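Encoded as structure tokens, the structure appears first; notes follow it.
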There are 2 protein chains.
Amino acid sequence: MVTIYDIAAKANVSAMTVSRVINQPERVSEKTRERVLKVMEELHYVPNGMARSLVLQESKILFLLVTDIRNPFYTTLARGAEDAAAENGFRLLFGNSDESPDKESNYVETILKTRVDGALIAPSGDASLPSLERLRKHKVPFVLLDREVPGIECDVVLGDSISGARQLVGHLAELGHRRIALVNGSLAVSSARYRQEGYREALKTFGLAYDERYVLEAGFGLEHDPAAIEAWLKRLDPLPTAIVAGNNVLALHVIRLLRARGIRVPEQVSVAGFDDFGPFAGADPFVTVAAQQAYQFGHTGMRLLIERIRARGEDRPRKRIVLPTALILRKSTAPPV
Amino acid sequence: MVTIYDIAAKANVSAMTVSRVINQPERVSEKTRERVLKVMEELHYVPNGMARSLVLQESKILFLLVTDIRNPFYTTLARGAEDAAAENGFRLLFGNSDESPDKESNYVETILKTRVDGALIAPSGDASLPSLERLRKHKVPFVLLDREVPGIECDVVLGDSISGARQLVGHLAELGHRRIALVNGSLAVSSARYRQEGYREALKTFGLAYDERYVLEAGFGLEHDPAAIEAWLKRLDPLPTAIVAGNNVLALHVIRLLRARGIRVPEQVSVAGFDDFGPFAGADPFVTVAAQQAYQFGHTGMRLLIERIRARGEDRPRKRIVLPTALILRKSTAPPV
DNA sequence: TTGTATGCGTTATCAT
DNA sequence: ATGATAACGCATACAA
């Protein structure tokens, strides 16, 4: 490996001068600077980031941990985070917890070991508490995305789940639906709780009774077993005329399972969900959704994180940013028969 | 920051003993080992990966560079790579070049600077040559995915694009189509070249003439301007009765643009493409595709890379693995009117 | 079994 | 403007 000492020897200067050429070029005479640069070129020198980080105690690398890398909500969010990082001279390391607190905990160890400058985290849920406390204890700056965790006070970017749920239920109620069900993520996830809250409020607003048989606590993850949803659908009698899904994964599961039972969407049952489907929704976007500003989640969160890092030591109040959802009407919802 | 010296002091041993407890526990007496472990626990010690990498000259971190993180083909591939990395005790760093050789080149600099142990790269195209040569010059092990680059001899995992194109054209020809067009990626990308080759061969097989007016070289990227496709569609007279798209992005563009012009798919024009749409294809998968084994791309590529790293120095022959495509018939293709 | 000296590649500090 | 030295946190080689 080529080091600054190799450069130094060949250019007849000290290693320090080489280091200066890299970091404070103006403090080196033009003549030697050019000579050193030429040698660096010849030897194809590339600075060793680890050595640099070791002495500087900073890496200019940040970490983004999402719960499902295949979910377009998170990839779009990732693009936002990536752009904001690049705009500020940071690099991004990526992790994917698959909604599993265990995998998440592993990634937190990686974050600690690699001494990245900070982390942007979409927590798997309330069970993330120990991992986040660990980051806190080690003074790793972090910002939460999409979900907050009771017991952790920190910067966080959330979607307005309560309002989003109200929009969806309101839309369905105005179409005339009176039996509106909810298939949700685990209530150990803050967004699921808020969505359930908005759902209940909206039912009340429209004079509809809350019936817990019409509410299922499934899970947000792609890998979660849809069998629970299937069993739930099977035992519902009468069927709801509309179903609100807690996220995009659940919406697709519900539509698929309804159709598998020969139930037509939206003719017999309307379906609406949270989160949009990204650029690969298909040529014919089908599902009515309360869309979240995925890109903004990542971009805003990353900006908050970088602010935190820059204001290290200062005791700024935490920020809690809530991004609005947008109701997008498509073909999966229609008036009841 | 807590270091092995802090542990050493509190446990009344030398730093070396602490290091041994971490790396060769069996070479430390049980009594002192337990004492040291207890102190590590108390002080919440986490080894400094950068210092470790600096002396060991290895990081156990690999890099995956894809050309579009929002494309489900690449996220599914990423999951495969991630799993294979974890199975072998490696961590993954992530990058996204957006089909841009410039961004790609930036990431290659990051790969170099951070001294990761190796890289898994889906190149943006033939223009990746200088970046890859740079990696080669610095002896960074890498494996190419999905696309090969003339001038670079290395392990590579490809899809069988020729056969895939034959499948798609064959399917359409057997439905009775005789004017089959091709909207492709840039011919500066190997997969696009192979797909074009398979397209031409299949036309010949079915006794159809190759007409270059029915072939458009657009681009694979999500950000590429669909205007070129639109203009091309507009000037085609007569319209083809079927269009083969070089990837999933192009397939969706084509369908959307056709519909925007009031042309119905598949009633008036059939559309089929490469790559599937991942778990978020929608509840009602619409597009007929030659699906690639995305997960296998990542998993197999990662295994090749790790083999390379382990066999460092040995001069093994390069491997060129070609994964088959699977024709999945759906609703976007039908017999011509 | 445990400890000492040294080096990994870089930068900060102080000197010249 | 340039250089010598120490330090970042850890592991290897050798010694005790």
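Computed from heavy atoms alone, side chains included, the values below leave out hydrogens, waters and symmetry copies. Chain letters run A, B, ... following the sequence lines, proteins first and then strands; every chain starts at 1. As the structure is a computational prediction, the values presented were derived from the model and not from experiment.
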Expressed as a whole number of angstroms, how long is the span from [X]:[atom1] to [N]:[atom2]?
X: A:Ile7; N: C:dG9; atom1: CD1; atom2: P; result: 12 Å
X: A:Tyr5; N: C:dG7; atom1: OH; atom2: C1'; result: 11 Å
X: B:Asn23; N: D:dT12; atom1: CG; atom2: C1'; result: 11 Å
X: A:Met50; N: C:dG9; atom1: CE; atom2: C1'; result: 12 Å
X: B:Gln57; N: D:dA11; atom1: CD; atom2: C1'; result: 12 Å
X: A:Ile22; N: C:dG9; atom1: CD1; atom2: P; result: 14 Å
X: A:Leu54; N: C:dA12; atom1: CG; atom2: C1'; result: 14 Å
X: B:Arg52; N: C:dG9; atom1: CZ; atom2: P; result: 17 Å

Quick one: label [X] by what it contacts on the DNA or RNA (base, sugar-phosphate, nothing), any heavy atom closer than 4.0 Å.
X: B:Ser53; result: nothing
X: A:Leu56; result: sugar-phosphate
X: A:Val28; result: sugar-phosphate

(request) Side-chain contact test, heavy atoms from C-beta onward, threshold under 4.5 Å: evaluate it for A:Leu37 versus A:Val21 and give yes or no. (result) yes

(request) May I ask you to check whether A:Phe297 and A:Phe73 place their ring centers less than 6.0 Å from one another? (result) yes

Check this one for me: any side-chain N or O of [X] less than 4.0 Å away from OP1 or OP2 of [N]?
X: B:Thr32; N: C:dT2; result: yes
X: A:Ser14; N: D:dG3; result: yes
X: A:Ser29; N: D:dA1; result: no

(message) Tell me the closest heavy-atom pair linking B:Asn96 and B:Ile69, and the distance in Å.
(response) OD1-N, 3.0 Å

(message) For A:Val157 versus A:Thr300, what's the shortest heavy-atom pair and its separation?
(response) CG2-CG2, 4.1 Å

(message) Which is more 5' along DNA chain C, the nucleotide nearest B:Ala15 or the one nearest B:Arg115? Just name the residue.
(response) B:Ala15

(request) By nearest nucleotide on DNA chain C, pick out whichever of B:Thr17 and A:Gly49 is the more 5' one. (result) B:Thr17

Pairs under 3.5 Å (N/O, protein and nucleotides 13-16 of chain D):
none

(request) Could you please spell out the steps behind the side chain to side chain contact (heavy atoms under 4.5 Å, CB included) verdict for B:Arg147 and B:Asp126? (result) CA-CA 9 Å; B:Arg147 303 169 180 181; B:Asp126 297 354; over 6 Å; no

(request) Side chain of A:Tyr45 only, please: which of D:dG3, C:dT10, D:dC10 is the nearest? (result) C:dT10

(request) Would you mind telling me which of C:dG9, C:dC8, C:dT2 lies closest to the side-chain atoms of A:Met1? (result) C:dG9

(message) Suppose we screen for ring pair (Phe, Tyr, Trp, His ring centres under 6.0 Å). Which residues come up paired with A:Tyr74, at least two apart in sequence or across chains?
(response) none

(request) Could you check whether the rings of A:Phe94 and B:Phe94 sit parallel, tilted or perpendicular, using 30° and 60° as the cut-offs? (result) tilted

(message) Classify the ring geometry of B:Tyr107 against B:Phe63: parallel below 30°, tilted from 30° to 60°, perpendicular beyond 60°.
(response) tilted

